[in-house]
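For the numbers below, each heavy atom of this structure counts, side chains included, while hydrogens, waters and symmetry mates do not. Chain A is the first sequence line, chain B the second, and so forth, proteins listed ahead of strands; every chain is numbered from 1.
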Number of protein chains: 2
Amino acid sequence: MADRRRITLKDIARDLGISVSTVSRALNSYSGISEDTIRTVKAYAEEHNYVPNTMAVNFRKNKTLTLGLIVPELVHYFFSSVISGALAEAKKRGYTVLVSQTSESLSNEIYAIRTMLGSSVDGVMISLSNETTTSEYLEELIEEGRPIVQFDKVLEGFKTPKVIVDDFDGAYAAVEHLIQQGYKKIAHLNGFKQVTNARHRLEGYQKALKDYHLEQPEEYVIHCKDISEEEGYRYTKELMESANPPDAIFCITDLIAMGSMKYLKENGHRIPEEVGLIGFSNWDMANFVTPSLSSVDQHGFQIGEKACQVLVDLLKSQEPLEDKTYLIKTSLVVRESSTRQSNV
Amino acid sequence: MADRRRITLKDIARDLGISVSTVSRALNSYSGISEDTIRTVKAYAEEHNYVPNTMAVNFRKNKTLTLGLIVPELVHYFFSSVISGALAEAKKRGYTVLVSQTSESLSNEIYAIRTMLGSSVDGVMISLSNETTTSEYLEELIEEGRPIVQFDKVLEGFKTPKVIVDDFDGAYAAVEHLIQQGYKKIAHLNGFKQVTNARHRLEGYQKALKDYHLEQPEEYVIHCKDISEEEGYRYTKELMESANPPDAIFCITDLIAMGSMKYLKENGHRIPEEVGLIGFSNWDMANFVTPSLSSVDQHGFQIGEKACQVLVDLLKSQEPLEDKTYLIKTSLVVRESSTRQSNV
DNA sequence: TTGAAAGCGGTACCAC
DNA sequence: GTGGTACCGCTTTCAA
C-alpha cells in the first residue's frame, strides 16, 4: 500500500515561513487574518493537495461528525427506506452514518450500542429490537454525552425524542376506507399486544368501527405471534372457516396480508368482491401481486429524515434530551384488493 | 448534555502511582509486564469503567477500524442483502461500516468517496453507479493507502479485487432450465449493452442456446434502456405481437419480469403453459406474485460477506491491491412461471 | 519490568 | 495580524 504521506500544517508553515497557527487560521478563514495570508496559504494548500487529517481534528474537537443508525432488520423495505432518508439528511448536514443491524436480538443491540460508543459517534438513531424492554444499555450513551433519537419501535418510558409512524391514524384510515367501500364485517389480524405499534393500530381499528357504529365481535381480532406469511394464512383460514366469517380483513403488515391473500385465493374467495383486504407498510410488492394490495404507506424515508434532523439539531443546540414525539402521517394507498366495483 | 468526563490512562496512572506507559501496556497485555501489574491495572480499569478513547487511538494508530460501503441504491432487495452480509462480516472482524448511497449518480459517488476519505475509513467496498466510466476518483483513495474492493457493478479496467455474481452461469442455468422444460423459442429482455452484468447474462443466454442447438433470431434479444416495469411490459408486447412470438422469456431482472408478467396476464397468455417466464435477482416478491416467478438468486448476502472479507484481509496483510475476481455462484429458484405440468 | 518523554496533527489560548 | 505553545489521550522508543 502506497500510503504517500499527506502534507500537514507544519509542512505548509515551514515552506511558507509562517507559523502553524496562522496556517490553521487561514485555512479555516478565521477573522483577524489578512486577506493576503489567507490567499497565499489556501493557494499553497490547494496546490499541494492538502487534506486535513480528520482523525486529528476529531480527536482534538471530540467530535466525529458521524451518527450511528441501528435497525432491527436491514433487508426490509421499510427500514431500508428509513436508512435512505437518514443518509440523505445526514449528507445535507455534513454527517456520515454508521449502520448496524440487530436482527431483533437484544444481545446484538447491546453490542451495536457498545460499538457505536467505541467508534465515538456523536449521536445515535435507533429502532429497538423486539426483545428490548429496558433502556439501561442506552443510558450509557447518554451518560457519555451522546444523544439518542428513537424511531419506529420505541420504548415509551425512555425519555428521548421519538419519531414514529402515526399508526392510529393509518389504521383508522384503512378501516374507514373499508367501511366506505361497503364492508361491514371487518376483522383485524394484529400483532404482539406488547408492541406499541400493534396497539396503536388496534386502537385505530376499534375507533373507526366505533365511529361508524360497526363494532365487531371479539373473535375478529387475532394477535399474531411472529409476523409471517404462514400466520396470515393460518389465521385467515381460522376466520373464514368460523361460523361467522368476515367480509374484510385489515392486516397489521403486508406480509400478513400476503398470507391472507394466499389463503383466500386458494379457497376461491374472490378479492375484493367477496372479501376486502388491506395491509400496512406498502411494500414494493403490493403493486405486483394479483389483485394489487391496498396498503398504508409509512413513509420510511421521511421517518429517517426526521430522526436525523432531530438528532443533528440536538447536537448543534447542545440542549438536553427532550421527551418529544414526532408523529409522521401515513397515507392510504388504495389498490384493487379493497375496491369494490359496485356498491359504494 | 451530561458529558461526564471519562477516566483516562493518566488518571489510572496517577491513582495507582505508576506510569502511563505501564498502564497502557498492562491494558493491552503486552509482554514484559508483570502479571501482578496487569491484574491490578485491569481490575482498577474495570472498576472505574475505563473505556479507551477511540479517537485518540485512531489518531495515534492512523487506523479507524471503519470500512466504507458505497451502493447505487439502498432501497433494493439485492443491495440491502449485500449490506447485511457486509455488516455481518465486518462485525465478526471487529470493524464498523459507514454506508453511503449514490442513487446511480456520478457526482454523488464522487462526493461519497470524498466523504469516506474525510472520515478516514481504512478501506472501501463499492458498487459503481451506472454513470461511472472512469476510475480517476477512486484512485485518490488508493493513493491515500486506503484499499478498495469493487463488487457487483465493477470497472473491469480498474485494478482492484472484484466480487461479482456469476452472471454468465446464472443466465446459462436459467435458459437451460427453460429448454429442459420444453420451451423452444426463448427470447431475452437484456439491459444496457455497456453494462458488464448485462453482457455476461446475454452471453450465458447465447451459450445455452448454442449448446442445445436452439439459436434464436436476432429480434429475440431486446436491450432495455432503463430497467423498469414499463419496459418489461412494452417489449413483451412487442415480442408477443410480432409475427413470430416466443414461447418463453428470460428477463434480465425480476422488475422487467414483473412488467412482462403483467402484459402476458392482461392479454390472456397463460404462464407457464403458453409462455414460460424467468427473472434474475430473486426478489422477495417473486414468491408472492401469481404465478410465482422463477428466478436466479444472486446471493447478495454472500457477496457482501466476501467483499468485506477480502477487504479486511487486504488491510491486515498490507499487500498491494491484486486484480483478482471472485465469482459468486448463483442459484436457480424454480417456481411456477417456468414449470410446465406436462411435457418435460 | 518499568518510567520518561516524544510525538501523532491539529486547535485555541495567550502574548506581542 | 501573527507567533509561540500547551494540550487532546494514547502508543512506542529509549533508557534505566
Residue Asn28(A), side-chain heavy atoms: nucleotide from dT11(D), dT11(C), dG10(C) that is nearest:
dT11(C)
Check: Leu9(B) and Leu27(B) side chains under 4.5 Å, non-hydrogen atoms
yes
Could Arg93(A) and Glu89(A) be called an ion pair, given the rule that one side-chain N must be under 4.0 Å from one carboxylate O?
yes
Kindly state whether the pair Phe59(B) / dC10(D) counts as stacked, where counting means centroids closer than 5.5 Å and planes tilted less than 30° apart.
no
What nucleotide, of dT11(C), dG9(C), dG3(D), holds the atom closest to the side chain of Ile18(A)?
dG3(D)
Mapping Val23(B) and Ala56(B) to their closest nucleotides on DNA chain C, which lands nearer the 5' end?
Val23(B)
Taking all heavy atoms of Leu74(B) and all of Ser80(B), pick out the closest pair and write down the distance.
O-CB, 3.9 Å
Round to a whole Å and report the spacing from CZ of Arg60(A) to C1' of dC10(D).
15 Å
Winner on side-chain proximity to Thr37(B), out of dT1(C), dG10(C), dG4(D), is dT1(C)
Whole-Å gap separating C1' (dC8(D)) and NZ (Lys63(A))
14 Å
What is the distance from CG of Leu9(B) to C1' of dT12(D), rounded to the nearest Å?
13 Å
Using nucleotides 13-16 of chain C, report all nitrogen or oxygen pairs with the protein that are shorter than 3.5 Å.
unit_1: dC13(C); atom_1: N4; unit_2: Arg25(A); atom_2: NH1; d: 3.3

Does Lys316(A) come within less than 4.0 Å of Asp313(A), counting only side-chain N to carboxylate O?
no
Looking only at side-chain N and O atoms, does Thr132(B) offer a donor or acceptor that is under 3.5 Å from a partner on Glu109(B)?
yes
Between dT11(D) (C1') and Asn53(B) (CG): distance, integer Å
13 Å
Within this structure, what is the CG-OG1 distance for the pair Leu16(A) and Thr37(A), rounded to the nearest 0.5 Å?
9.5 Å
Value in whole Å for how far the P atom of dG9(D) lies from CG of Asn58(A):
14 Å
Are Ser34(A) and dT2(D) close enough that a side-chain N or O sits under 4.0 Å from OP1 or OP2?
yes
Parallel, tilted or perpendicular: which one describes the rings of Phe78(A) and His76(A), with boundaries at 30° and 60°?
perpendicular
Rounding to an integer number of Å, can you tell me how far Lys10(A) NZ sits from dA6(C) P?
13 Å
Rounded to whole Å, please give me the gap between CG in Asp11(B) and C1' in dG9(D).
10 Å
Can you tell if the side chain of Phe158(B) reaches within under 4.5 Å of the side chain of Ile148(B), non-hydrogen atoms only?
yes
Can you check whether Tyr50(B) has a side-chain N or O nearer than 4.0 Å to OP1 or OP2 of dC10(D)?
yes
Interatomic distance, Asn62(B) CG vs dT12(D) C1' [rounded to whole Å]
15 Å
Using the C1' atoms of five pairs at each end, what's the angle between the two axes of the helix from dT1(C)-dA16(D) to dC16(C)-dG1(D), to 10 degrees?
40°
Nearest 0.5 Å, please: how far is CG in Leu327(B) from NZ in Lys162(B)?
11.5 Å
Measure from the side-chain heavy atoms of Thr22(B) and tell me the nearest of dG9(C), dT11(D), dT2(C).
dT2(C)
May I ask you to test the Val312(A)-Leu67(A) pair for a side-chain heavy-atom distance under 4.5 Å?
yes
